[in-house]
Amino acid sequence: MRSITSFMVMALAFTFVQSAHATYNDYLIKLSKTGLKNKAQVLQQFEMFEVGSSRMEAEDVTEEWIRIQNIKLSTTQMKSLSRNASIEYIQPNYRLKLINDFKGTQEQIAKLQGMKLDSPIAIEDNPAIPAPVTPIFVGNDPLYNNQWGMVDNNVAGAWSQAGLAPIVVAVIDTGVDYTHEDLVEVLWRNQLEIPNNNKDDDGNGYVDDIVGWDFVTDDNKPYDLTTDPLQMLFSGGNPGHGTHCAGNVAARAGNGKGIAGVAGVHNIRIMSIRFLSEKGQGTTAGAVKSIRYAVDNGAHVLSNSWGSTGEDPNDPDNQALREAIAYTQTRGSLFVAAAGNGDSQGKGYDNDTSSQPAYPASYPDDVIVSVAALDSNNNLGTFSNWGKRTVDIGAPGVVVYSTVPMNKYTDVALDLPQFGIKATWDGTSMATPHVSGAAALLWSKYPNATWKQIKDSLLQTATPVNGLRNKTVSGGKLNVNGLMGL
Ligand SMILES: [Ca+2]
Ligand SMILES: [Ca+2]
Ligand SMILES: [Ca+2]
């Protein structure tokens, strides 16, 4: 039953801000082999394109890709520079956003103008994480029955089939509340890194990275900062988004607390990677670094509840992002991505035929599993995108219960009773972590399986439902119990 109706108009207005002429002073350039040999000189030639009073800033994104800020290039200049033998590619550092991105109507915002703001909570230090304990039994998570998607999938019935292999799921999002009582035990820990000695002990390029990395503030605390509801309405974002996603991947099962994620058993772990700010905003550079970090540090599954429909007509050809996804495939990890939450009115559309399909979900790379959102009656969420060719599978994504920061659990994303405003956690963002968790669970049973075998198994075992017929590759919804029976 849907507890929320009055606010669905707003909940459905999750939107991507689009403009035909996005402005950038932020670019990504890919150097050729020649260019890499003369990097300083190649970069120097961009100084003539500086804008305003700020000096040009260059920073490495990968071995080949460099981010340059505080310059401005016309399309003609970009084309002309691309012909330079030192430069293989130039593109704007396209912006990326949370797939769930609440936007209030002008009317609602006006109503809320006078509201007192709560201060965002402070960033927590990396906690002392207790040694994981294998649960003595499963089925004692008191809020499990609030998770209709877990019940529907008979996830608890599938855990006996899970294996002991250590499997890592990177939640690439707004960060994770890594102090949460139901997540603290399942966090990935960088075993080769000595905490708090100000040294990069494992030489991976990141100092004291214990639970992941924060690419927004470039530090070792990928915490899920909240923002007050009013701020959210003004500027987007969705407080607790990453923590909500993490809970459905692998909140600890059988610990007598809270909920249970699909993969919350044995040695399956969550790596917290933050590249989206508390306002739900990030850039391609942050996404690329996040993907590389996840893959290079051992993530088997990358859970991606973010994307864009493109800020300008070239945006979908986001070469830097495409290469990072290809890297995922080369290195054998699986890239699970949200299919998108519809147009500016919040109405789902066909990623196959749209001129602005949500990406990265709609990229043709085989390594991507694109996920649509279903409600508890097997209906496609009205906001959910679909695509017979490009969207693979459906999963629970309407009124989804999970962990949120500060040891809380809920399916309510926004609750402002004084204004009669309430919104539930809905979205392809919420569906995606279910599939990520399922992939990890199967991988724990078959640690030598390839990403392709894991993906094929997810699709083959999907339960056919009418709402997804001719709308997804599999025509069905996630079936964790069937999957683990393989
Ligand atoms: Ca390190
Ligand atoms: Ca260290
Ligand atoms: Ca639990």
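Quick caveat, the model's predicted, so the values are computed rather than measured. Atoms within a ligand are numbered from 1 in the order they appear, just like the ligands themselves.
- Seen from the Ca ion (ligand 2), atom OD1 of Asn197 and atom OD1 of Asp208 lie 80° apart in angle, a value rounded to 10°.
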**Asked** How far apart are the C-alpha atoms of Asp173 and His241, what are their side-chain angles, what is the distance that settles it, and do they pass the side chain to side chain contact (heavy atoms under 4.5 Å, CB included) test?
**Response** CA-CA 7 Å; Asp173 209 282; His241 191 273; 2.7 Å; yes
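- Nearest heavy-atom pair across Ser444 and Gly163 is OG-N, 3.0 Å.
- Between Tyr89 and Tyr27, the gap from one ring centroid to the other reaches at least 6.0 Å.
- Asn198 CG: 12 or fewer foreign heavy atoms inside a 6.0 Å radius.
- Around the Ca ion (ligand 1), the two atoms OD1 of Asp200 and O of Tyr206 are separated by an angle of 80°, to 10 degrees.
- Rounded to 10 degrees, the O-metal-OD2 angle spanning Lys199 and Asp201 at the Ca ion (ligand 2) equals 90°.
- When the N, O or S atoms of Asp141 are ranked by distance to the Ca ion (ligand 3), OD1 comes first.
- Residue contact annotation: Asn255 places an N/O/S atom under 3.0 Å from the Ca ion (ligand 3).
- Ion pairing between a basic and an acidic side chain is recognised when a charged N comes within 4.0 Å of a carboxylate O; Asp60 and Lys39 show such pairing.
- Within the 3.0 Å limit, Ile194 places at least one N, O or S atom next to the Ca ion (ligand 2).
- At least one N, O or S atom of Lys257, from either the backbone or the side chain, sits less than 3.0 Å from the Ca ion (ligand 3).
- The aromatic ring centroids of Tyr409 and Tyr401 lie 6.0 Å or more from each other.
- Relative ring orientation between His244 and Trp425 is described as parallel, the plane-to-plane angle staying below 30° on a 0-90° scale split at 30° and 60°.
- Distance check for Ile259 against the Ca ion (ligand 3): an N/O/S atom falls below 3.0 Å.
- Metal site remark for the Ca ion (ligand 2): Asp209 contributes no N, O or S atom at a distance under 3.0 Å.
- Between OD1 of Asp202 and OE1 of Glu193, the angle at the Ca ion (ligand 1) works out to 80°, rounded to 10 degrees.
- Taking backbone and side chain together, Asn190 holds no N, O or S atom under 3.0 Å from the Ca ion (ligand 1).
- Two residues are said to be in side-chain contact when any heavy atoms from C-beta on lie closer than 4.5 Å; Trp65 and Gln91 meet this criterion.
- With the Ca ion (ligand 3) as vertex, Arg252 O and Asp182 OD2 subtend 110°, rounded to 10°.
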